[in-house]
Amino acid sequence: MPLDNINKKIGLFGGTFNPIHYGHLRTAAEIAETFALDKIIFIPSYTPPLKKTDIAPPSDRFEMVKLAIHDNPIFEVSDIEYHQNQCPSYTLHTVEQFKKLYQNSKIYFTIGIDAFLDIHLWYQPDILLKEVEFIVIIRPPYLHNDIKRSKYIKNQTNLNTKTNEIPLINGHYINLVNVTQLNISSTDIRKKLKNGQSIKYLLPESVELFIIRKLLYKGDS
Ligand code: ATP
């Protein structure tokens, strides 16, 4: 095992990244700062189990992440899911592989509150919530209190907005955090492209040029 991989604080950031945008990038930067992470690893999914339409090929989504993060030394992109070549890819397996890769390290998994509220639909969520500590980002239109909608949050939890740590029914906890809210979504970017509208300033220019060159998101699928 490379010494570089021991005793680290690693943030995993999974998503479709279809395409990656400044909402993702700014969130990752703030999380890295808040949790003093050594690395944030973006993990584009192979085929997202819950999203099946209008998806750019995994290799293109991977390339776009690569372009977007190239100037940040603590950002990395992993092909672990898209090279699995299995459909669908499961977060639990991804986390297990990273735990092997980074021993004696603290691994966090970062997702938006929208995604966290769907976690009961994921593969073996009970095990996943024990395997890794979640950083959950508050993202419009959701508010701090909406986390209570998750059945994994301990009943009668006093949601004091001053603390990030929210207890789970399994005895573990999640970190519920505020970041600078950029109301940007990949869905909106794809919609704009379909309507022939500009996507300038919503995502890095290198990603915009890649989308134009590869004619991505022009049709329905
Ligand atoms: P889509 O609009 O296609 O659903 P998305 O913009 O939500 O995509 P994903 O690739 O699904 O992007 O996002 C990966 C993770 O990043 C998710 O956990 C999502 O909640 C979070 N995320 C996406 N956009 C933002 C944003 N603007 N601010 C904070 N978190 C975000």
Side-chain angles (χ1 to χ4, degrees), residues 11-35 37 40-58 60-69 75-78 80-82 88-91 94-95 108-122 125 128-129 132-144 146-147 149-150 152 164 174-195 197 199 201-204 207-208 211 216-217 220-221:
L12 305 179
F13 193 9
T16 322
F17 303 119
N18 185 40
I20 189 164
H21 52 67
Y22 281 131
H24 299 126
L25 293 165
R26 182 66 207 169
T27 296
E30 290 189 21
I31 291 300
E33 197 171 31
T34 305
F35 290 83
L37 302 180
I40 287 251
I41 305 174
F42 292 76
I43 311 170
S45 57
Y46 180 74
T47 303
L50 305 175
K51 301 177 177 182
K52 292 218 156 60
T53 56
D54 203 10
I55 291 192
D60 285 344
R61 289 184 285 113
F62 178 85
E63 265 322 300
M64 289 189 278
V65 174
K66 216 164 138 188
L67 288 169
I69 65 171
F75 284 180
E76 279 185 16
V77 58
S78 165
I80 196 166
E81 290 205 353
Y82 106 76
S89 49
Y90 293 120
T91 302
T94 301
V95 163
Y108 296 91
F109 195 85
T110 302
I111 55 171
I113 187 169
D114 52 321
F116 186 81
L117 291 175
D118 273 345
I119 212 165
H120 58 284
L121 304 172
W122 292 22
L128 180 63
L129 287 166
V132 73
E133 192 171 313
F134 275 78
I135 298 173
V136 179
I137 312 298
I138 300 168
R139 185 185 175 200
Y142 296 95
L143 303 170
H144 196 86
D146 286 315
I147 199 69
R149 294 200 215 164
S150 166
Y152 298 102
N164 288 337
I174 58 164
N175 303 278
L176 184 62
V177 298
N178 264 307
V179 293
T180 303
Q181 305 216 325
L182 298 176
N183 197 3
I184 303 174
S185 75
S186 303
T187 304
D188 182 51
I189 290 173
R190 295 194 302 274
K191 214 180 276 168
K192 283 190 166 33
L193 283 160
K194 222 170 274 171
N195 295 339
Q197 291 170 281
I199 55 167
Y201 308 127
L202 295 173
L203 72 188
V207 177
E208 185 186 349
I211 290 171
L216 297 178
Y217 311 118
D220 277 335
S221 61

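The figures here come from the full heavy-atom set of this structure, side chains too, leaving out hydrogens, waters and symmetry mates. Predicted model only: the values in this text are computed from it and were never measured. Read the numbers this way: they start at 1 and go in the same order the structure lists the ligands and their atoms. Count residues from 1 along the sequence.
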Practice problem: Would you kindly specify which portion of Thr27 sits under 4.0 Å from ligand 1, judged on non-hydrogen atoms: side chain, backbone, both or neither? | Solution: side chain
Quiz item: Which atom names give the shortest non-hydrogen contact between Arg61 and Thr16, and what distance separates them?
Solution: NH1-O, 2.8 Å
Quiz item: In terms of atom number and element, which parts of ligand 1 are under 4.0 angstrom from non-hydrogen atoms of Ala115?
Solution: 18 (O)
Practice problem: Please state whether Tyr22 comes within less than 4.0 angstrom of ligand 1, counting heavy atoms only. | Solution: no
Quiz item: Quick one: does Asn175's side chain have a donor or acceptor within less than 3.5 Å of a partner on Phe134's backbone?
Solution: yes
Quiz item: So, the side chain of Arg139 versus the backbone of Asp114: is there a donor-acceptor pair under 3.5 Å, distance only?
Solution: no
Quiz item: In ligand 1, which numbered atoms sit nearer than 4.0 Å to a non-hydrogen atom of Phe13?
Solution: 15 (C), 16 (O)
Quiz item: Are any of the N/O atoms in Ile137 less than 3.5 Å from those in ligand 1?
Solution: no
Exercise. Without swapping roles, check the side chain of Ser186 against the backbone of Phe17 for a donor-acceptor pair under 3.5 Å.
Key: no
Quiz item: Ser186 heavy atoms, cut-off 4.0 Å: which ligand 1 atoms fall inside?
Solution: 1 (P), 2 (O), 3 (O), 5 (P), 6 (O), 8 (O), 12 (O)
Quiz item: Between Ile111 and ligand 1, which part of the residue brings a heavy atom under 4.0 Å of the ligand: side chain, backbone, both or neither?
Solution: both
Quiz item: Atoms of ligand 1 less than 4.0 Å from Gly15 heavy atoms?
Solution: 10 (O), 14 (C)
Quiz item: Which atoms of ligand 1 have any heavy atom of Gly14 under 4.0 Å away?
Solution: 14 (C), 15 (C)
Quiz item: Just distances here: any N/O of Ile184 and N/O of ligand 1 closer than 3.5 Å?
Solution: yes
Practice problem: Decide if atom CD of Gln197 counts as having more than 12 heavy atoms of other residues, nucleotides or ligands within a radius under 6.0 Å. | Solution: yes
Practice problem: Would you give the length of the straight line joining atom CZ of Phe62 to atom CD1 of Ile43, rounded to the nearest 0.5 angstrom? | Solution: 11.5 Å
Self-check item: Leu128 side chain near Phe109 side chain, heavy-atom distance below 4.5 Å
Solution: no
Practice problem: Locate the shortest heavy-atom distance separating Leu216 from Pro57; write the atom from each residue and the value. | Solution: CD2-CD, 4.4 Å
Quiz item: What are the atoms of ligand 1, with element, lying closer than 4.0 Å to any heavy atom of Arg190?
Solution: 3 (O)
Quiz item: Can you find an N/O atom of Asp114 closer than 3.5 Å to an N/O atom of ligand 1?
Solution: yes
Exercise. Would you check the N or O atoms of Gly112, main chain and side chain alike, for any that come under 3.5 Å of an N or O of ligand 1?
Key: yes
Self-check item: Phe17 neighbourhood, listing ligand 1 atoms whose heavy-atom distance to it stays under 4.0 Å
Solution: 10 (O)
Quiz item: Against heavy atoms of Thr187, which atoms of ligand 1 measure under 4.0 Å?
Solution: 1 (P), 2 (O), 3 (O), 4 (O)
Quiz item: Contact between His21 and ligand 1, counting heavy atoms under 4.0 Å?
Solution: yes
Exercise. Indicate the atoms forming the closest heavy-atom contact of Ile113 with Ile138, along with that distance.
Key: CG2-CA, 4.1 Å
Quiz prompt | Distance (rounded to the nearest 0.5 Å) between His144 NE2 and Asn164 CG | solution = 8.0 Å
